[in-house]
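In what follows, a structure is listed as structure tokens, so that the remarks can point back to it.
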Amino acid sequence: MAQKFYNFIDGEWMEALSGETTENRNPAHWDEIVGIFPKSGKEDVKKAVEAAVTHREEWANLPVPERGQILGRSGDIMVEKKEEIAKLMTREMGKILKETRGDTQEGIDTAYYAFGESRRLYGVTSPSELPNKAIFTITKPIGTAGIISPWNFPMAIPCWKIYPALLMGNTVVFKPATDTPATATKFVEILTEAGVPKGVINLVHGPGSRVGEAILEHPDIGVISFTGSSAVGRRIAEVAGKNLKRVSLELGGKNPQIVMPDADIDLAVEGVLWGAFGTTGQRCTATSRLILHKDIFDKFMDILIGRTTELKIGDGLIESNDVGPVINESQLKKILNYVDIGKQEGAKLALGGNRLSGGNYDEGFFMEPTIFTEVKAGMRIEQEEIFGPVLSVIKISSFEEAITVANDIEYGLSSSIYTNNVKYAMRAIDKLEAGITYINAPTIGAECHMPFGGFKNTGNGHREGGKWPYEVFGEIKTVYIDYSGKLQKAQIDTDINK
Ligand code: UN1
């Protein structure tokens, strides 16, 4: 019998009000049901928001360090449960254990960052332009945050959003991706065990078209944080814009790794292998474009193809495997469709391109690591986010051309250059239009205390990671205290130009 999971509303585990359910299956063994989950709708969201509104004041009234203490404790519990969480995550979304441990670790790091931040939510003080007057700022919660998270980092990304939302004193309605409800449930259990009071964190499982939309439309949700596709991000921004809701969006990427002729080639090959095929290419920051200088092209491609062929594809629970399955059948079809598009566009399929079949492969959704060469700037496989193990290689003849190709894209999340020439490195830092630039490291590997986000259509200007999301989840109040005992008029009583 598959385990049954529930929504968590006002401190109670409960079914969807309609009683509807969906199954969540293991992408490496599709006949294995990871759990049966509520397929919730508008009414469930309504109930969750009611609870979140009811409990706002009691949570906001707790001193920030006390909220921090609870969140820090949840980090301790996550440390104890790291292995259990990693295994569950691999079963529900496929990536290999090494990576699901890393994903959990990023959640732990983020919990401890929140704990530290609880003693550091500094405001600003400033001299006044008038005598006997003090000025400072404090930050208040917005109210209730709607958190809509993706399946590729089922622990880290909810943590990036929920810890800052909670520390700032907001209550939360959390809709995890339908492909990863089990890890999300674990996280909510842990927060509750650590002492987050009832009604403060509410979990509603279900499809974006129902649960996501209901969160978006609800007047009592004051801020939404979303990571996912640009199409959904646009829709969220539109509705939120109409309702003057604050929204933080983390969207697509088409991240380039440039390799110059002076680079350490073996190191650069290691980088692209990890960046392109780690997490089966299913990262917003995945290396999906290799921009390779013509002088090293043939040598580099020989080594890269040889090394890619050695990657072991299979169930992520088997420690010796390097690459797990893709998340589900529709994603696999989308990736295979991009392989067809690449061929039609005239790119050369240098490796892979097929669904893996035979033996255990038939039980899940496995895809060969795929490399296209002869990719020209502007082709769809060079411009569009595929979100799978597909690398497009573009040959360039100069540093300037590399930068032009890297930037000629609607996204701007991550970027990388391999070079030992400090001039190339510094100019790349200056010119690459991306929120993250790595020098001699792949496009993946962001750390939780640094800003994470992108230029251009990757988002709407916000950053996750570090102190930046704390600004997203707070309202700043400026306080003026006049202790002169008389009416003082700013800009009028003090004519500083006279
Ligand atoms: C993502 O790319 O979807 O930077 C998130 C990394 C991870 C987070 C990635 N720490 O690779």
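Because the structure is a prediction, the values reported are computed rather than measured. When a ligand or atom number is given, it counts from 1 through the structure's own listing order.
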Taking only non-hydrogen atoms of Gly445 and a 4.0 Å limit, the atoms of ligand 1 in range are 4 (O), 6 (C), 11 (O)
(Q) Quiz question: by atom type and distance under 3.5 Å, do the side chains of Asn421 and Thr419 form a donor-acceptor pair? (A) no
Looking only at protein heavy atoms, what sits closest to atom 11 (O) of ligand 1 is Arg283 NH1, 2.4 Å
Rounding to 0.5 Å, atoms CD1 (Ile394) and CD (Glu401) come to a distance of 10.0 Å
Contact region, Thr227 to ligand 1, non-hydrogen atoms below 4.0 Å, reads neither
Of all protein heavy atoms, the one nearest atom 1 (C) of ligand 1 is Cys284 N, 3.5 Å
Original post:
Taking atom types as modelled and ignoring hydrogens, do the side chains of Gln383 and Lys254 form a donor-acceptor contact shorter than 3.5 angstrom?
Top reply: no
*Backbone or side chain, does any N or O of Trp160 fall under 3.5 Å from an N or O of ligand 1?*
no
When rounded to the nearest 0.5 Å, the distance separating OG1 of Thr171 from CG of Leu166 is 8.5 Å
Any heavy atom of Glu106 under 4.0 Å from ligand 1? The part involved is side chain
Note: ligand 1 atoms sitting under 4.0 Å from heavy atoms of Ile444 are 11 (O)
With the threshold set at 4.0 Å, does a side-chain nitrogen-carboxylate oxygen contact exist between Arg91 and Glu32? yes
Carboxylate-amine/guanidinium proximity below 4.0 Å for Arg210 and Glu217
no
*asked:* With a 6.0 Å cut-off on the ring centroids, do His449 and Tyr113 count as close?
replied: no
Exercise for the section: Check whether any N or O atom of Phe452, backbone or side chain, sits under 3.5 Å from an N or O atom of ligand 1, and answer yes or no. Expected result: no
What I want to know is whether Ala446 and ligand 1 share at least one N or O pair that is separated by under 3.5 angstrom.
yes
Quick note on ligand 1: atoms under 4.0 Å from a heavy atom of Thr285 include exactly 1 (C), 2 (O), 9 (C), 11 (O)
